[in-house]
Each structure stands twice: as structure tokens, then as C-alpha cells.
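Right, one structure below, let's go through it.
Numbers restart at 1 for each chain; the letters A, B, ... are given by sequence-line order, proteins then strands. Please read these numbers as outputs of a predicted model, since none were measured by experiment.
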2 protein chains.
Amino acid sequence: MNSDEVFDAISHPMRVEILKELANGPKGFADLKRKLKISSSGLLDFHLKKMASIVTTNADGSYILNDRGFAAVQAVDVVARYGWQRRSYFINVGMYIVMNVYLFLTIQHWAVLIVFGIWTAWIVFYSYWTFIKRRVRLRNNGESKTRPER
Amino acid sequence: MNSDEVFDAISHPMRVEILKELANGPKGFADLKRKLKISSSGLLDFHLKKMASIVTTNADGSYILNDRGFAAVQAVDVVARYGWQRRSYFINVGMYIVMNVYLFLTIQHWAVLIVFGIWTAWIVFYSYWTFIKRRVRLRNNGESKTRPER
DNA sequence: AAGCGTGGTCAATGTTTCTTGACTTGCTGG
DNA sequence: CCAGCAAGTCAAGAAACATTGACCACGCTT
């Protein structure tokens with residue numbers, strides 16, 4: 001999926017508003033105009049045209065998001081929600097440790113090894129995903145401050 | 001986190017390139033210039049200034065991403081990777097079913113109920129997250145086609 | 001001390017994007 | 001049958017963005 005187009009389509013505050021409106025279901029032209037308090041039809045038309053790569057129309061002519069549109073909704077979400085991934089990682093790993101220790105102590109059965117093995121594989125993959133691919137950091141690195149204005 | 005600024009900062013192909021470069025570690029000015037094959041210093045300066053909300057400098061003056069910058073990296077990733085979420089959902093649920101049936105048949109022990117209970121809770125939450133919050137769809141809904149050019 | 005590399009700034013200009021407001025077309029209720 | 005609304009289109013101007021190229025200051029090295 002070519003992301004340039006998608007980010008172009010959501011790089012204006014009004015378009016992000018439109019995206020959020022459409023994430024809640026199909027909306028007609030006048031409907032969007034009212035909800036976003038846009039006085040000019042031309043303006044809404046302009047922005048809808050800029051969003052052509054993520055918005056389509058359904059059978060009755062209402063605007064809806066296509067797959068890339070929903071991807072865009074998620075992108076907005078990810079940006080708004082960044083910081084929680086660290087926490088959910090610790091919850092996940094904590095659960096892994098507690099549950100496996102518990103199972104080992106309570107059940108003496110070889111099948112527990114299967115559960116343990118698969119769960120361990122999952123945690124290894126999840127750690128790789130979190131820290132290597134998604135570059136979530138345990139704490140901030142040598143970041144100092146924003147570039148000084150001169 | 002105000003997402004408008006973040007999407008503004010990555011709404012140009014060159015800035016996405018810069019983002020990807022910086023995701024691999026700190027880079028100096030001339031370093032970025034070489035890697036991205038930019039001939040003009042002014043151009044790089046312009047784009048780095050547009051990215052001020054997601055890029056900062058570290059102690060030795062190299063450019064690095066801040067937290068919002070890494071969120072942006074993820075946003076790019078999410079857009080590029082949309083479509084895999086459906087698949088990973090099915091893999092996850094499939095694993096849940098196979099493993100629990102297997103455990104029930106192999107181990108006759110009440111502690112299996114604990115595993116089953118927690119795992120079920122997780123699957124319910126995961127389904128909610130996937131379909132309600134992230135709006136991943138099992139198949140396309142009444143989407144017809146892109147808005148016709150007139 | 002002259003030249004080179006790093007790490008920029010700034011003004012000017014061309015290109016795009018945004019916004020406004022006037023206009024069109026088709027349908028519907030009174 | 002015509003007023004009014006939905007759903008737009010389009011031209012023109014203002015504002016923002018992208019790019020170029022000239023310039024500057026510092027440190028190193030030969």
C-alpha cells in the first residue's frame with residue numbers, strides 16, 4: 001500500500017475531521033457539511049477530492065471509507081495512543097511469567113510443556129516485534145531538547 | 001497527542017524518507033544529505049524544520065526522532081501493513097481453539113479451566129478491539145467504486 | 001594560510017493547496 | 001410550477017509549500 005497518498009489525504013485538520021466522521025458510518029454531502037460546520041460547498045468538495053484515494057461512495061451516494069481509509073483511521077489512532085504499547089508489553093510478559101510458573105507448579109503433565117513452548121515462541125516474536133520492528137523503547141534514549149531557534 | 005502536527009510532518013515523500021532514515025539511528029546533517037541524495041542544503045533544512053515536532057537533536061548535534069517521531073514510524077507501518085490484521089486475527093483464534101481443545105482432551109485437571117478462562121477473556125477482548133475499535137472488517141461492506149470523474 | 005567538510009541560514013521564485021463565492025442540476029413538497 | 005434543498009462544479013485569489021542557489025561560520029589538515 002502506497003502510504004504517501006494516504007498521508008496526503010489526512011495531512012489537513014479538516015480532512016482528519018472528515019475521516020473521523022466517516023469512521024462512524026456513511027455520510028452524505030450535506031450531512032458532512034452540517035457536522036463539520038463548513039459553510040462552503042466548494043471547500044468540502046475540494047477536501048473530499050483530495051481524499052479520493054481513501055474515500056469512495058456507496059450505492060446510495062453516501063461517502064464511505066475504503067480499506068485504506070480504515071488504515072488511515074488506525075494510523076491516527078496509533079499516533080494518539082503511542083505510549084501504551086510499552087505498558088501492554090509489560091502486561092503481556094507479566095501474564096506469561098505468572099501463568100507458566102503457576103501451571104508448572106500445579107500441573108505435573110508433559111502437555112504443559114507444549115503450552116509453555118508455544119507461549120514462549122509467541123513472547124519471543126512479540127518482543128522482536130515490539131522492540132525491533134515497532135521500535136518501542138523501554139525508556140527515552142539520549143534525546144536532549146528540540147532544535148534551538150536561531 | 002495532537003496528530004495533525006504529526007501527519008503534517010510526514011505528508012511529503014522526502015519527509016517520510018527522512019523519517020525512515022532516522023528510524024535507523026541518529027544522523028547528522030551532511031549524513032542525511034548524502035543518504036537521501038539531496039543536493040541542496042536549503043531543501044533539507046526546509047524539510048527538517050517542517051519535521052520539528054517529531055525530530056530533535058541529541059547531545060552531539062545529530063538528528064533523532066522523539067516519541068512522536070517513533071509514533072509516526074508506526075503510523076507509516078500500520079498503513080503499509082493494513083490487511084494483515086484480518087489474517088493475524090484468524091491465526092490467533094485458530095490457535096485458541098486448537099490449543100484449548102487439545103488441553104481439555106489431554107489433561108484432566110481443574111487448572112486447565114484457569115488457562116481456558118483467561119485465554120477466553122483475552123480472545124473476547126481481542127475481538128472487540130479488532131472489530132469494534134480498529135474496525136477491521138471480515139469482508140468489504142457495500143463499497144461500490146471510486147467516485148466517478150465527471 | 002588555503003582549502004575542504006560540516007552544518008547550517010536566508011531570500012527569491014515557482015508550484016500547490018486552500019478558500020470563497022457564484023453558479024448548476026435534479027428532485028420534492030406544497 | 002416554482003421554491004427550496006441536496007449535491008455538487010468551477011474560476012479566481014490568497015496563503016502555504018517546495019526548491020534553488022548564494023552565503024556564512026567553524027574546525028581540521030596539509
Taking atom [atom2] of [N] as reference, at what distance in whole Å does atom [atom1] of [X] sit?
{"X": "B:K33", "N": "C:dG5", "atom1": "NZ", "atom2": "P", "result": "11 Å"}
{"X": "B:D60", "N": "C:dG7", "atom1": "CG", "atom2": "C1'", "result": "13 Å"}
{"X": "B:F29", "N": "C:dG5", "atom1": "CZ", "atom2": "C1'", "result": "13 Å"}
{"X": "B:E17", "N": "D:dA18", "atom1": "CD", "atom2": "C1'", "result": "16 Å"}
{"X": "B:L48", "N": "C:dG8", "atom1": "CG", "atom2": "P", "result": "8 Å"}
{"X": "B:D45", "N": "C:dG8", "atom1": "CG", "atom2": "P", "result": "8 Å"}
{"X": "B:E5", "N": "D:dA16", "atom1": "CD", "atom2": "P", "result": "16 Å"}

Any donor-acceptor N/O pair, A:T120 side chain to A:F116 backbone, under 3.5 Å
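Confirmed, A:T120 side chain pairs with A:F116 backbone.
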For the backbone of A:S53 and the side chain of A:N66, can you confirm whether one donor and one acceptor N or O come within less than 3.5 Å of each other?
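Indeed, once roles are kept as given, a pair shorter than 3.5 Å links the two residues.
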With rounding to the nearest 0.5 angstrom, report the CD to OH distance, A:Q74 to B:Y82.
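The OH atom of B:Y82 is 5.5 Å from CD of A:Q74, to the nearest 0.5 Å.
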Inter-residue atom distance A:R15.CZ - B:S11.OG, 0.5 Å rounding
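If I round to the nearest 0.5 Å, the distance is 8.5 Å.
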Has [X] got a side-chain N or O lying under 4.0 Å from the OP1 or OP2 atom of [N]?
{"X": "A:Y63", "N": "D:dG8", "value": "yes"}
{"X": "B:R34", "N": "C:dT6", "value": "yes"}
{"X": "A:K49", "N": "D:dT9", "value": "yes"}

Does the protein touch nucleotides 13-22 of chain C at the base, only the backbone, or not at all? Give it as B, S and - per nucleotide, heavy atoms under 4.0 Å.
----SBBBB-
Classify the angle between the aromatic ring planes of B:Y89 and B:F131 as parallel (below 30°), tilted (30 to 60°) or perpendicular (above 60°).
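Plane angle over 60°, so perpendicular.
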Would you tabulate the pairs of protein nitrogen or oxygen atoms and nucleotide nitrogen or oxygen atoms of nucleotides 25-30 of chain D closer than 3.5 angstrom?
none

With a 4.0 Å cut-off, would you call A:D31 and A:K35 a salt bridge?
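Salt bridge: no.
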Are A:V101 and B:L103 connected in the hydrophobic side-chain network, where two residues link if heavy atoms are under 4.5 Å apart?
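Yes; tracing contacts between hydrophobic side chains, which count when under 4.5 Å, links both residues.
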ring-ring contact (aromatic ring centres under 6.0 Å, His included) evaluation trace for A:H12 with A:H47:
CA-CA 9 Å; A:H12 188 281; A:H47 285 297; 4.6 Å; yes
Can you check side-chain contact (heavy atoms from CB on, under 4.5 Å) on B:L105 and B:Y102, steps first, answer last?
CA-CA 5 Å; B:L105 296 182; B:Y102 177 75; over 6 Å; no
Say whether A:Y63 and A:T56, considering side chains only, have a donor N or O and an acceptor N or O under 3.5 Å apart.
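Looking only at side-chain atoms, A:T56 and A:Y63 do not form any donor-acceptor pair under 3.5 Å.
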Where do N or O atoms of nucleotides 25-30 of chain C meet protein N or O atoms at under 3.5 Å, pair by pair?
none

As a quick check of understanding, evaluate side-chain contact (heavy atoms from CB on, under 4.5 Å) for A:M14 and A:L44, giving each step before the final call.
CA-CA 9 Å; A:M14 186 176 290; A:L44 180 56; 5.9 Å; no
